Amino acid sequence: MRDRPPQIVAFGGGGFSMEWGNRLLDDHLLALTGRARPRVCFLPTASGDADHYVVRFYRAFDAGRCEPSHISLFRRETGVGDPRAHLLAQDLVYVGGGSLVSLLGTWRAHGIDLVLREAWHAGVILCGGSAGSLCWFQEAISSFHEGPPRRIECLGLLPWSNAVHYCDEPGRREAFRDAVTAGMPSGYGAGDGAALHFVGTELAEVIGSRPDARAVHVSADADGAAVERDLPVRRLAGAPAVIAA
Amino acid sequence: MGERSPALDRFVLTLTGRPSPRVCFLPTASGDPREQVMRFYERFEAWPCEPTVLSLFRLGRRTDPAEHLLCQDAIYVGGGSMRNMLAIWREHGIDETMRAAWEIGIVLAGLSAGAMCWFEGGVSRSGGAPEPVAGLGLLPGSLSVHLDGESERLPVYRAAVADGRLPAGCAADDGAALVFAGTHLAECVASTPDARVVRISADGSGGIHERQLPIRLLPDNRRFSRGRAELSYGVAELRALRVGRRRWD
């Protein structure tokens with residue numbers, strides 16, 4: 001048994017796929033595992049298992065500092081034979097971005113939704129950005145490129161709602177606040193460079209890989225109006241203090 | 001589209017009866033890879049038609065998939081993981097759209113997963129080893145593909161039909177196609193001389209009957225090409241980019 005509690009790190013936008021050259025967040029994730037050479041498995045499902053995304057993962061998580069692997073659910077005839085056993089043996093499962101709706105459909109078709117819940121309870125750290133962040137929550141506001149923003153029921157490991165690229169793409173903040181006002185569970189909006197670290201189902205801290213990283217908590221007050229509260233962000237050591245020109 | 005001869009692809013266009021049909025390609029089963037999208041455009045842009053691609057992984061904010069599909073003359077579904085494709089279609093409501101499209105006379109076509117999906121079931125390698133997988137059930141019976149190309153599929157298909165896990169149906173070679181009008185098998189056509197379609201049914205005592213169906217060889221339509229099939233990689237990729245954002249996040 002691992003000695004880790006259930007943990008999820010949900011990025012508002014960041015990591016190797018969005019912040020090439022800025023390894024702070026990815027380094028932080030590896031350190032969280034507490035292992036010298038952690039096992040890290042990439043799930044690129046939301047991108048349709050795009051080859052270039054898989055290649056970028058292996059470049060970012062090179063074998064010198066971890067044991068990287070990936071699972072393709074579009075090419076099951078090649079690669080990992082037993083996804084459940086493989087995922088349960090990981091220290092970190094890293095979920096890539098893309099289409100949240102397609103991700104959830106594909107996972108459910110292969111039972112990966114249940115395996116990830118099991119892995120989470122067993123102490124495998126779950127993380128990801130964009131669709132790879134939204135998926136862990138009860139509900140989410142869908143990504144930019146899936147038609148107009150709408151509420152989507154996700155895996156529900158965390159009983160909150162989530163929105164990503166919160167401060168960075170027009171319309172996201174409004175759509176999220178409107179949905180919470182309309183009865184979606186209260187939750188977290190995270191901007192690019194901000195990552196929400198949950199231990200169990202509670203937010204432990206927000207970490208930032210950029211100086212302008214921002215995250216908020218959004219709930220509805222007694223009158224049903226949206227209340228937005230800025231969350232303190234701990235800047236990761238090495239993060240620049242000012243935005244480079 | 002995976003094969004060299006374009007006769008089957010061309011045949012899909014002629015089935016629409018339109019001089020310049022709208023044809024939409026869905027590469028869902030392979031996760032909408034850029035190479036498939038490029039190959040589709042390279043082939044279909046050489047012909048008088050209006051080709052588009054619908055990516056469910058990179059939907060534009062203003063794209064309503066159902067609306068786009070229902071204004072086509074033909075819908076062409078690519079190969080890959082049948083299980084993933086159907087799961088993703090269900091999440092996006094595309095399964096119902098396909099039934100509606102079929103009912104209003106849009107030609108539905110496809111290869112591999114894109115061929116088997118229309119039936120009650122097929123034999124898919126979505127889970128690794130070949131196994132029976134349920135389809136949309138627009139067409140009665142079952143279909144197994146790559147009869148000549150993947151030898152491990154046929155035994156699984158025979159066994160599934162014999163013990164009733166799959167209804168009777170056909171196994172088809174690469175280059176062979178079944179043409180249904182409504183739910184009636186109108187004919188089998190082929191783009192290569194040796195392509196076969198074999199009817200496989202349970203014999204009622206745990207075994208199967210097999211019978212090869214007559215097949216019509218399609219003319220080689222390469223002469224219809226307007227000579228744009230040799231598009232350079234760069235141009236084709238540029239065109240493919242039109243279909244969606246490149247960003248994955």
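Lettering of chains follows the sequences in order, A, B, ..., and the numbering in each one begins at 1. This one's a predicted model, so the numbers in the text were calculated from it and none came from an experiment.
For chain A, the nearby parts of R125(B) are the backbone and the side chain; heavy atoms of each come within less than 4.5 Å. Neither the backbone nor the side chain of A129(B) comes within contact range of chain A; no heavy atom of the residue lies under 4.5 Å from a heavy atom of that chain.
Between G127(B) and R76(A), the closest heavy-atom pair is O-NH2, 3.3 Å. Between H92(B) and S102(A), the shortest heavy-atom distance links the atoms NE2-OG, 3.0 Å.
One finds the CZ atom of R34(B) at 5.0 Å from the NE2 atom of H52(A) (value rounded to the nearest 0.5 Å). From R75(A), atom CZ reaches atom OG of S30(B) across 7.5 Å, with rounding to the nearest 0.5 Å.
Between the side chains of S126(B) and H110(A), no donor-acceptor pair of N or O atoms lies under 3.5 Å.
Checked against salt bridge (Lys or Arg N to Asp or Glu O under 4.0 Å), D64(B) has no partners two or more places apart in sequence or in another chain. Take D113(A) and apply the salt bridge (Lys or Arg N to Asp or Glu O under 4.0 Å) test, not counting sequence neighbours, and it matches no residue.
Within 6.0 Å of the CD atom in E96(B), the count of heavy atoms belonging to other residues, nucleotides or ligands does not exceed 12. Residue R39(A) qualifies as open at atom CZ: its count of foreign heavy atoms under 6.0 Å is 12 or below. Around the CD atom of E103(B), the shell of radius 6.0 Å holds more than 12 heavy atoms that belong to other residues, nucleotides or ligands. In this structure, R22(B) places its CZ atom where only 12 or fewer heavy-atom neighbours from other residues, nucleotides or ligands lie under 6.0 Å away. Atom CZ of R151(A) has more than 12 heavy atoms from other residues, nucleotides or ligands within 6.0 Å.
Using a 4.5 Å cut-off on side-chain heavy atoms (C-beta onward), T106(A) and E91(B) make no contact.
Comparing L73(A), L103(A), D51(A) by how many heavy-atom pairs each has under 4.5 Å with chain B, the most go to L73(A). When each of N84(B), L86(B), I88(B), T28(B) is scored by its heavy-atom pairs under 4.5 Å with chain A, the top score falls to N84(B). Taking chain B as the reference chain and counting heavy-atom pairs below 4.5 Å, the highest number among S72(A), G81(A), G105(A), G13(A) is found for G105(A).
When ring centroids are compared, F57(B) and Y53(A) stay outside the 6.0 Å threshold.
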